[in-house]
2 protein chains.
Amino acid sequence: MTINDIARICGVSKGTVNRALHGKPGINPGTKEKILAAVRENGFRPDYRAKSLATGKSFTIGLLIPNIENQSFAMIGTIIEAEFWKRGYFLNLALSNDDAEKEESYLELFVDRKVDGVIVFPVNRDPTAVERILEKRIPLVLMMNDLPSVETNVVTIDEYGAFLAMTEYLIGLGHRDIAYIDGYKRYTAKYNDHINRERFRGFTDALAKHGLGFDGNHYAEFLPAYYEQKDSSSISGLFSGPNPATAAMCFHDRIAVWLQVRLIRDGFGVPDDVSVTGFDDMAELSDIVPGITTIRNPFAEIAAKTVEMLVGDIENGTMSANKVRLGTELIIRQSAGVPRSNRR
Amino acid sequence: MTINDIARICGVSKGTVNRALHGKPGINPGTKEKILAAVRENGFRPDYRAKSLATGKSFTIGLLIPNIENQSFAMIGTIIEAEFWKRGYFLNLALSNDDAEKEESYLELFVDRKVDGVIVFPVNRDPTAVERILEKRIPLVLMMNDLPSVETNVVTIDEYGAFLAMTEYLIGLGHRDIAYIDGYKRYTAKYNDHINRERFRGFTDALAKHGLGFDGNHYAEFLPAYYEQKDSSSISGLFSGPNPATAAMCFHDRIAVWLQVRLIRDGFGVPDDVSVTGFDDMAELSDIVPGITTIRNPFAEIAAKTVEMLVGDIENGTMSANKVRLGTELIIRQSAGVPRSNRR
DNA sequence: TTGTAGGCGTTATCAC
DNA sequence: GTGATAACGCCTACAA
C-alpha cells in the first residue's frame, strides 16, 4: 500500500494525495475527504525511508551509552526518550557495552542512518569516530564523559567537585586515613577513564588541601568478579593491620553496599569502625541499613540540558560547542560517621 | 558524498561502483582497487534509507518494552541488543512506559520505518495494534506478557508455576496465613494485567490445593508512592492484629526489600515473625541481609528464544505462532523461614 | 568488463 | 485544483 495505490483508488494523481496528506492548500475539500477516507480504510502510512530521503530530515536521534543495566544510564535513557518523544523524534538507542570498537561501529551506523543528532557517552578515548560525525556536520553532545580534545557540546557533572566535597566531609568528621575503592578500569589502550581520573583527582586534591597524604596501599580497584566472590579479604584487609583506613570512598553505590555488607559480616562496625561512602544515590539501594552516605547526580538536568542543546543545534542548523558542568548533592545518611579514634 | 560522487571521482559509472562496493564478480581488479581507495579516502558510506528502499530489507528490529529502569527489562534489552548486533541487525528500542496509547504509536512507527521484525511486551490489553503488525506480515514475538487472543509467537515465563511453587514452599515451612503484596496495577481500561493475574492465580491455586483459603484482608497492592512514604502502617498492619499473616509474598524483589526493611524497623523479626519473599532475583539486591528468598527468571533464555524465533520467521519469510513457556528457579535465602507458631 | 535505464516511495516544482 | 515530472541515493537488470 503506497501513495500510488491510494492515488489509483481515488482516481487522482499522487501529487493530490500528497496535498491531502499534509493539509496543504489548493485542494478541493471533497477530493481531500475522499482521499483521507481511502487512507484510513487501507491503513496507509507513508514509508519513512522514502519520506526521509525526499525531505532530508530523519527525525531520528542516535543515543549511544555504555549500557542500560547501570541504573544511572537507565534513568538518563528514560528521560531522554521521553523528551524526544514529546518533540516528535524517534530514538535509536545503541549500547557500546564499554567496547571501543562497538562504539565506533555504532557511530558509523548513525551516520548511515542519517540521524539528525547524536548523544554519546564516549568509552573510547580515541576521538576520531566522534570527530567524523562532527565533520559531517551532524549535531552532537558528549554526555557525562568528556573527550577533552574535541570541540563540541559537552554536558558533564562535576565529578571532581563531588569527590572533593565528599572527601572534605570525611576529613571534617575526623578521618585521616581514607581508602579509595576505584571503579573497574578496563585496561585497554582505548578505554576512556576520564571519569575515574576526575573523581580520584578530587579525592587527592582534598587530601592535599588539608595537608594529608594518600597511602597508595589504601587504593584498590573493584573488579566485577568481586560481586560473585565469597572472599572479600583483598579489600577488607585495607581496614586492619598496622595502618588501617577508617573510611572507604567507593566509586559507586553498588560497591559501597557490597563493601558495607562484607565489613559487617567480618565483624567491623559501620560506621563505628569503618565509614563507607558511595556515589549515584541509587533508588533500589536507598532502603539499605545503615543508609549509604552518597552523592546524588542531577540526572534529570543532565538529560534536559543535553536534549535542549542538541535540539537547538538541529533546529538552527548550527554546530556549537557549549560546555555545561552540573553540580551534585551530598546525601548524608548513616554509613559514614566520626571515627572511633576521635571519640571519647 | 554519494555513490554518484564516487563514480565521478573515479571516472566510472555508479553501476561499477556498486559492483566494487559489494565484491560482485565481473569487475577489473584495478578499477575495483581504485574505487575502494576513493571510498576510503572520502569516507563514503551508503545511505541506509536509499539502500533499504531499494532492497526491501531494513535490517532493523523494533523492541518495545515498558521501561529500562526495571532491572529485568534492562537485562532482557541488553541481551537482545547483543544478539541482534551479532547478527547484523540494528535495534530500535522503544519504551511504552506502561502507556497503552504510546505503545500503539510506537507500533505504528515501527511499521512506518519498515522494521524487519517486532518484539513487544504488550501493556495494552487491546490487541488491535499488534494485529495490525501481523496483517502487514511483519514477524512478531510477544515477550514476557501475553495477549491470549492473538495468534502469534509468544515467549513467556511460567509466572503461574513460579508463584505456585513459592506458595507451596511457604506452606511447607508451616505458614497458613500468607499475605499477598501485588504489584501496581494501573487501573486504566487498556492496562494488560495478565502477569498480575497469572501470579495471583498460582498463589491461590496453591492455597486451595492444600485446603487453605485466602483472607482478602491479607491482600494489598503496592503503590509506587509507598517507596517515598515514611509511614508503612498500611502494609505492616497485615502482620499484627487478631489474625496476622506470618508471611508475605511480594510481586517483586524491590517490594520485598522495602517491606523487609520496614518490618525490621517496626520491630518484627524477619524471618522469625514474618517471612518475606520476592521475585526476579535482582543482582543489586543480592547483598541485602537477610538475603531475600526469591525466584530467578531465565532472562538469558527468554532473550535467546525470542531472538531465535523472530530471526527464524524473518529469514524464512514465515509468520509462525510458537508458544514457549520457560521455567523459573526458586532461590532460597534467609528471608523466609519456619513460622514462630510451628517451632518449640 | 562496463554503462544505462528503471524502480523503490516519497516530496517538490513546475505547468495546465 | 490538479497532474506530470524530476529529484533523493541506492540496487538490479539488461545492454553494450
Problem set entry | Residue A/Ala54, side-chain heavy atoms: nucleotide from D/dC10, C/dT2, C/dT11 that is nearest | C/dT11
Problem set entry | Phosphate OP1/OP2 of D/dC11: any B/Asn18 side-chain N/O under 4.0 Å | yes
Exercise. Does A/Phe73 have its ring centroid less than 6.0 Å away from the ring centroid of A/Phe121?
Worked result: yes
Exercise. Atom CZ of A/Arg49 and atom C1' of C/dT11: how far apart are they, to the nearest Å?
Worked result: 16 Å
Problem set entry | A/Asn42 versus A/Asp5, side-chain donor and acceptor atoms under 3.5 Å | no
For this session: Would you mind telling me which of C/dT10, C/dT11, C/dT2 lies closest to the side-chain atoms of A/His22?
Result: C/dT11
Problem set entry | Nearest-nucleotide pick for B/Lys51, side chain only, options being D/dC10, C/dT10, C/dT2 | D/dC10
Exercise. Where the side chain of A/Leu53 is defined as all heavy atoms beyond and including C-beta, which of D/dG9, C/dT10, D/dT2 is the nearest nucleotide?
Worked result: D/dG9
Problem set entry | Interatomic distance, B/Ile35 CD1 vs C/dG3 P [rounded to whole Å] | 8 Å
For this session: Would you kindly give the CG-to-P distance between A/Leu21 and C/dG9, to the nearest whole Å?
Result: 15 Å
For this session: Please tell me which of A/Lys14 and A/Pro25 maps to the more 5' nucleotide of DNA chain D, matching each residue to the nucleotide holding its nearest heavy atom.
Result: A/Pro25
For this session: Give one of base, sugar-phosphate or nothing for A/Phe44, where a contact means two heavy atoms less than 4.0 Å apart.
Result: sugar-phosphate
Exercise. For DNA chain C, whose closest nucleotide is more 5', that of A/Ala50 or that of B/Ser13?
Worked result: B/Ser13
Exercise. Quick one: which of D/dG3, D/dG9, D/dT2 gets closest to the side chain of A/Asn28?
Worked result: D/dT2
Seminar exercise, completed: To the nearest angstrom, the CZ-P distance between A/Arg8 and C/dG9 comes to 12 Å
Problem set entry | Atom pair CD1/CD1 of A/Ile65 and B/Ile68 - distance to nearest 0.5 Å | 6.0 Å
Problem set entry | Short side-chain N/O contact to D/dT12 OP1/OP2 from B/Lys24, under 4.0 Å | yes
Exercise. Starting at NZ of B/Lys57 and ending at C1' of C/dG9, how long is that distance when rounded to a whole Å?
Worked result: 19 Å
For this session: Compare side-chain N and O positions of A/Thr55 against OP1 and OP2 of C/dT10 and report whether any pair is under 4.0 Å apart.
Result: no
Exercise. Please give, in whole Å, the distance from D/dG1 P to A/Lys34 NZ?
Worked result: 15 Å
Exercise. Which nucleotide in the list C/dT10, D/dT2, D/dG3 gets nearest to the side chain of A/Thr31?
Worked result: D/dT2
Exercise. Does a side chain donor of either A/Thr60 or B/Arg113 reach within less than 3.5 Å of an acceptor in the other side chain?
Worked result: yes
For this session: Check whether any side-chain heavy atom of B/Leu107 lies under 4.5 Å from a side-chain heavy atom of B/Val111, and answer yes or no.
Result: no
Exercise. Which comes earlier along DNA chain C counting from the 5' end, the contact point of B/Arg19 or that of B/Lys114, where each point is its nearest nucleotide?
Worked result: B/Arg19
Exercise. Separation of B/Ile3 atom CD1 from C/dG3 atom P, in whole Å?
Worked result: 13 Å
